[in-house]
Amino acid sequence: MPEDLFSMTPSTHRRSGVAIIRASLLKFVGLLTGVFLLAGYLILYLASDLDRREEGESAFHVRKAVRTIEKSIGATVKDYAFWGDAYKHLHTTIDTEWAYVRQNVGATLYADYGFGGLFVVDAADRTVYSVIGGQLQAVAASDWLKRSLPQILVKARAGGDAQAPTTLFVDVGGRPALVGAAAITPGTDPTVTVDDGPASVLIFVDILEDSRLQALGKDYGVEGLRIATAAETDGPHVLALGENGAAGRLQWEPEKPGQRLLSMGLPLIGLAALLVYLMAWAILRRTTASAQALDASYESLQRSQAALAISEARFRDVVEASSDWVWEIDRDGRFTYLSERFEAVTGLVRHDWLGAPMDRLLCTELGSVTQWLGIPNRRPDVSVDCRYLDTNGRERVTRLSARAMGDLAFRGTATDVTEEIESRRRIEFLSQHDALTGLPNRTRLRAFLDAKLAQRPTVDRPLVMLSLDLDRFKPVNDLLGHAAGDTVLSEISSRLANRVRHGDLVARIGGDEFVLILTDLKRQDEVEALCKQLIEAIEQPVQVGEQEVFVSASIGIALAPTDAAEATELLRYADIALYAAKSCGRNTWRFYASDMNSKIIERRRLENDLRFAIKHGELCLHFQPRFRIADGRMVGAEALVRWQHPERGLIPPDTFIPIAEETGLILALSNWVMETAFQYATTWPEHLFVSVNLSPSEFKRGNLVERVQQALQHAGIEARRVEIEITENVMLDDASLALDIMQTLKTLGIRIAMDDFGTGYSSLSYLRTFPFDGLKIDRSFLSKLGTGEEDQSVIKAIVGLGHALSLTVTAEGIETQEHMALLKSVMCDEGQGYFLSRPLDTEGFNALVRVTQDAGVLEKS
Ligand code: C2E
Ligand code: CA
Ligand code: CA
């Protein structure tokens with residue numbers, strides 16, 4: 001991760017695009033407005049200038065026209081006045097015939113030139129010839145012109161020598177009229193006699209009619225030339241005629257090119273401006289919209305930049321806070337980035353590794369990391385465990401995940417999973433091994449066995465399974481404590497493990513149960529030799545602190561494929577063989593045989609039958625009386641259960657009590673025995689007690705005290721007439737619990753006797769601690785009793801011990817007179833046995849009771 005990525009921060013201040021566009025467009029529109037105003041102003045200026053020019057030009061033309069008609073009338077009057085004939089006929093004499101009739105100076109002038117008035121004024125200033133409107137009339141010129149003429153006459157006569165006519169604008173009846181006057185001279189006519197008097201003057205009057213003015217205007221390109229009204233006295237298009245307009249004023253309409261220009265140009269400019277503004281508006285709209293979009297995207301960019309900054313900060317925190325380190329490699333597989341955690345986790349120096357190939361640091365189980373990265377279509381969410389050596393040279397495991405950055409470069413994280421993997425291995429080991437001994441457990445055994453069986457062992461190369469069970473191990477645990485038991489188990493385990501070959505398996509599958517799987521033993525004698533070795537090894541004493549502990553073992557053997565080819569069956573058969581070995585007196589081994597299985601099956605059937613038997617009254621009780629040895633009096637009787645099987649006949653308790661104990665049926669059975677025995681006893685004479693046997697398993701399961709109490713109540717027997725017999729196995733299983741229960745039973749008022757004394761493990765210590773009232777010497781002491789002093793002394797010692805502990809000592813298995821004599825001599829208190837009485841059914845027992853009551857004592861004593 002490059003450093004600058006972290007330092008990137010979003011800009012916080014910015015003018016919006018809309019504002020910028022509005023402002024620049026406003027400027028642009030302002031500029032345009034300026035341009036348009038200027039154009040407007042210029043066109044106005046141009047127009048007015050054009051108009052002014054046109055006015056000047058039209059005035060010039062009008063003036064020129066006026067001068068032209070002045071010249072024209074002057075020229076015409078001159079032509080007529082400087083003419084010899086006119087002199088003869090209009091000055092010397094007034095020859096109307098010549099002038100008017102012959103039309104030398106008559107109507108044609110009106111018709112051709114439009115001169116409304118023709119006058120000749122003589123030397124005495126009298127009008128001598130007048131033609132008005134083409135008609136000869138006797139009208140004085142001054143009357144018609146309504147003004148005095150001397151001025152004109154003087155001027156005309158003055159110009160006579162130079163033949164220069166004079167012209168003048170006058171007002172004739174409210175209309176301007178042009179007057180041309182010239183003195184009549186003979187001209188160049190030599191025939192004319194010239195007098196010396198003042199010359200007559202020829203006057204032509206041209207009245208400027210409207211039509212005449214219009215025609216004149218047209219000739220000079222001036223529109224609407226006309227007489228001005230009274231109001232139009234002055235202005236650019238008014239021309240005064242005569243002195244100070246005394247003859248009236250001309251008026252015309254000058255052309256207005258400026259106005260035309262304006263009328264065309266202004267709308268064009270307006271249109272152009274409108275178009276430009278419309279365009280500007282459209283542009284504004286569109287650019288505003290896109291600027292808004294731009295602004296929005298800028299804002300979102302800002303937001304995402306802010307979010308990016310936050311996520312970068314978060315990433316950095318996570319990267320440095322987590323135990324993972326982050327890496328990046330280039331396309332050559334070399335580190336380009338390693339996070340700070342790299343050093344903390346691996347102990348390696350970052351700088352040393354940047355630029356180094358990743359493969360030099362890490363490798364996977366299957367190959368190099370780059371090979372793994374290069375797997376086509378590798379799923380990015382799948383990680384790989386890699387091994388590397390840390391700074392101390394210890395192998396560690398890191399879990400690598402990788403993402404392609406394109407172009408064969410990768411980045412990812414590395415999670416240290418060394419501890420996880422180790423603890424997983426440990427858990428895996430523990431799940432497959434026994435914590436105490438480290439031997440494979442049942443799970444591992446099963447997997448191993450399945451694997452071995454899958455290799456299909458043959459009769460020639462069989463798979464041998466030994467099921468091994470320790471004998472006499474429980475007492476070790478109970479008497480010497482669990483620590484001692486653990487020591488013994490560990491020691492035995494290592495002895496076993498040392499005696500099998502590599503590739504074989506020793507598994508511990510229960511407290512003192514082991515299974516061995518052996519593959520290299522071919523013959524039966526080889527198997528037997530190994531079993532012998534194993535038992536001998538186990539029988540070697542185990543040192544626990546100061547003490548030496550002795551245990552032994554029984555072994556059951558099953559072979560695959562001979563006995564079974566399937567794991568569960570094989571295990572079961574080995575167990576059956578073990579059971580057989582144990583029943584053969586322990587400390588030995590047995591091969592599985594098919595009849596063993598049938599025994600097991602029979603046992604199972606028996607179990608079902610027993611269930612039925614308890615419910616349906618197939619059990620019955622026999623009573624074996626107990627006598628006082630000193631005087632032969634009966635003191636009580638032991639209840640012994642029998643099973644009257646409908647097919648098998650009477651079955652002894654040794655056959656079915658173990659089954660009842662294993663299956664839990666013992667509780668129901670024992671309840672029945674207690675209630676039945678107690679009830680019978682209530683029918684007996686008061687001084688006789690009843691004794692019942694309880695199983696050790698009854699101390700572990702359920703509420704023994706309540707059960708006894710209930711049986712007592714149901715039967716309604718006095719507690720002092722009841723004795724229970726328990727073997728020392730009761731104390732072996734859970735001594736403190738047994739003590740508790742026994743003390744509570746004692747509070748009920750019943751007595752407790754230790755049965756089968758001398759067969760167990762360490763009877764003496766129990767006798768001291770537990771609240772026994774009596775002990776029963778096991779019948780094996782009497783049965784193996786020879787004549788030797790030694791055996792007798794053992795019995796004597798036991799009796800002495802019992803008495804020392806204030807216990808009533810009873811001898812079992814009294815079969816002969818000699819037994820009786822011996823017991824009498826050692827002061828044994830009570831006894832029972834075939835010699836005295838076999839166990840009797842109720843009838844038999846009742847009969848015996850009657851006889852002894854009658855006789856008082858039994859004869860055999
Ligand atoms: P145990 O408590 O030691 O009972 C005495 C056994 O010795 C009885 O065998 C009895 O018939 C036998 N016996 C008595 N006198 C002699 C003799 O002089 N010589 C020989 N060889 N044997 C003699 P049984 O009735 O077959 O009982 C066997 C065992 O079954 C009993 O041994 C007792 O442990 C157990 N048992 C019997 N009834 C019950 C019962 O109701 N509940 C429980 N839990 N166990 C019972
Ligand atoms: Ca007994
Ligand atoms: Ca006994």
Side-chain angles (χ1 to χ4, degrees), residues 610 613-614 618-627 629 636-644 649-681 689-701 704 707-708 711 722-730 751-760 763 772-785 798 808-820 822-823 828 830-842 844-845 860:
L610 180 61
I614 295 168
E618 285 179 13
L619 300 178
C620 65
L621 286 182
H622 282 192
F623 293 95
Q624 187 176 34
R626 203 194 289 177
F627 298 93
I629 290 181
E638 179 179 6
L640 295 163
V641 69
R642 305 285 181 262
W643 179 6
Q644 189 63 56
L650 201 66
I651 301 175
D654 284 335
T655 314
F656 63 88
I657 291 292
I659 297 171
E661 283 173 345
E662 279 169 33
T663 56
L665 286 170
I666 189 71
L667 296 184
L669 183 146
S670 197
N671 283 345
W672 180 85
V673 169
M674 284 193 285
E675 289 198 11
T676 314
F678 295 167
Q679 256 160 21
Y680 275 125
F689 67 85
V690 65
S691 169
V692 291
N693 295 280
L694 291 184
S695 272
S697 60
E698 290 181 71
F699 277 73
K700 282 182 268 178
R701 288 182 231 185
L704 177 60
R707 287 171 50 223
V708 173
V722 171
E723 184 180 274
I724 59 169
E725 297 181 15
I726 54 177
T727 63
E728 56 188 327
N729 289 333
V730 167
R751 290 189 294 148
I752 304 174
M754 181 188 276
D755 205 354
D756 303 344
F757 182 84
T759 57
S763 314
F772 286 109
D773 298 284
L775 70 81
K776 295 177 81 173
I777 303 171
D778 191 73
R779 64 177 178 272
S780 59
F781 284 92
L782 282 183
S783 65
K784 65 184 176 184
L785 193 66
I798 293 172
T808 307
V809 181
T810 304
E812 284 187 309
I814 304 172
E815 292 185 349
T816 60
Q817 182 67 55
E818 287 74 38
H819 290 159
M820 275 299 281
L822 169 72
L823 294 167
C828 184
E830 291 166 2
Q832 65 189 94
Y834 292 166
F835 177 68
L836 301 173
S837 169
R838 288 189 167 256
L840 305 166
D841 59 17
T842 44
F845 183 75
K860 281 171 187 166

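Worth saying up front: this structure is predicted, and the values here are computed from it rather than measured. All ligand and atom numbering here is 1-based and tracks the order in the structure.
Although no hydrogens or angles enter the test, the distance criterion places a donor-acceptor pair under 3.5 Å between the side chain of Q624 and the main chain of S837. Of the possible donor and acceptor atoms, one in the side chain of D773 sits under 3.5 Å from a partner among the backbone N and O of I752.
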Carefully, step by step, assess L823 and L782 under the rule side-chain contact (heavy atoms from CB on, under 4.5 Å).
CA-CA 10 Å; L823 294 167; L782 282 183; 4.0 Å; yes
Give the intermediate values and the outcome of side-chain contact (heavy atoms from CB on, under 4.5 Å) for residues I657 and L669.
CA-CA 9 Å; I657 291 292; L669 183 146; 3.9 Å; yes
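Atoms of ligand 1 lying under 4.0 Å from any heavy atom of D756, numbered from 1 in the order shown and given with element: 3 (O). Distances below 4.0 Å separate heavy atoms of Q624 from the following atoms of ligand 1: 14 (C), 15 (N). Close approach to E815 involves these atoms of ligand 1, each under 4.0 Å from a residue heavy atom: 17 (C), 18 (O), 19 (N), 20 (C), 21 (N). Using a 4.0 Å cut-off to heavy atoms of G833, the atoms of ligand 1 that qualify are 15 (N), 18 (O). Close contacts between ligand 1 and S695 involve ligand atoms 44 (N) [criterion: under 4.0 Å to a heavy atom]. Annotation for ligand 1: atoms under 4.0 Å from non-hydrogen atoms of D654 are 28 (C), 29 (C), 30 (O). Each of the following atoms of ligand 1 lies closer than 4.0 Å to a heavy atom of V673: 41 (O). Distances below 4.0 Å separate heavy atoms of D755 from the following atoms of ligand 1: 2 (O).
Where the criterion is an N or O separation shorter than 3.5 Å, residue side chain and backbone included, E698 fails it with respect to ligand 1. Some N or O of E812 is nearer than 3.5 Å to an N or O of ligand 1, by distance alone. For V641, a nitrogen or oxygen atom sits less than 3.5 Å from a nitrogen or oxygen atom of ligand 1, counting backbone and side chain alike.
Assignment of R642 to the shell around ligand 1 is supported, since a heavy atom sits closer than 4.0 Å. Under a 4.0 angstrom heavy-atom cut-off, P652 registers as lying outside contact with ligand 1.
Around the Ca ion (ligand 3), the protein N, O or S atoms closer than 3.0 Å are D755 OD1, D756 OD1, E812 OE1, E812 OE2, listed by chain and residue number.
The number of heavy atoms from other shown groups lying within 6.0 Å of OH (Y680) does not exceed 12.
In this structure, A639 and F623 approach most closely via the heavy-atom pair CB-CE2, 3.7 Å.
Listed by chain and residue number, nothing satisfies the salt bridge (Lys or Arg N to Asp or Glu O under 4.0 Å) test with E675 (two or more places apart in sequence, or in another chain).
Side-chain contact of S697 with E661: a donor-acceptor pair under 3.5 Å is absent, judged by distance alone.
Residue-level proximity to ligand 1 for K776 is absent, since no heavy atom of it falls below 4.0 angstrom. Within the 4.0 Å heavy-atom criterion, the part of P839 lying near ligand 1 is the side chain and not the backbone. Contact annotation: for R779 versus ligand 1, heavy atoms closer than 4.0 Å belong to the side chain alone.
In E638, the N, O or S atom that comes nearest to the Ca ion (ligand 2) is OE2.
Nearest to atom 36 (N) of ligand 1 among the protein's heavy atoms is P653 CB, 4.0 Å. Of all protein heavy atoms, the one lying nearest to atom 9 (O) of ligand 1 is L640 CD1, 4.6 Å. With respect to atom 18 (O) of ligand 1, the closest heavy atom belonging to the protein is Y834 N, 2.8 Å.
Between D778 and F757 the shortest side-chain heavy-atom distance does not fall below 4.5 Å. For the pair M820 and L836, the minimum side-chain heavy-atom distance is below 4.5 Å.
Atom 27 (O) of ligand 1 is approached by the protein to below 4.0 angstrom, counting heavy atoms only. For atom 22 (N) of ligand 1, a protein heavy-atom neighbour is found at a distance under 4.0 Å.
Distance check: T727 OG1 to D756 CG gives 6.5 Å after rounding to the nearest 0.5 Å. Expressed to the nearest 0.5 Å, how far OG1 of T676 lies from CG of N671 amounts to 10.0 Å. Remark: I666 CD1 to I614 CD1 distance equals 8.0 Å, nearest 0.5 Å. Put simply, NZ on K776 and CD on E638 are 3.5 Å apart, with the number rounded to the nearest 0.5 Å. A distance of 9.5 Å separates CZ of F627 from CD of Q832, quoted to the nearest 0.5 Å. Atom CD of residue Q817 and atom CZ of residue F835 lie 4.0 Å apart, to the nearest 0.5 angstrom.
The pair R751-E723 counts as a salt bridge, with a side-chain nitrogen and a carboxylate oxygen less than 4.0 angstrom apart.
Looking at N693, I724, L669, L619, it is N693 that brings a heavy atom closest to atom 42 (N) of ligand 1.
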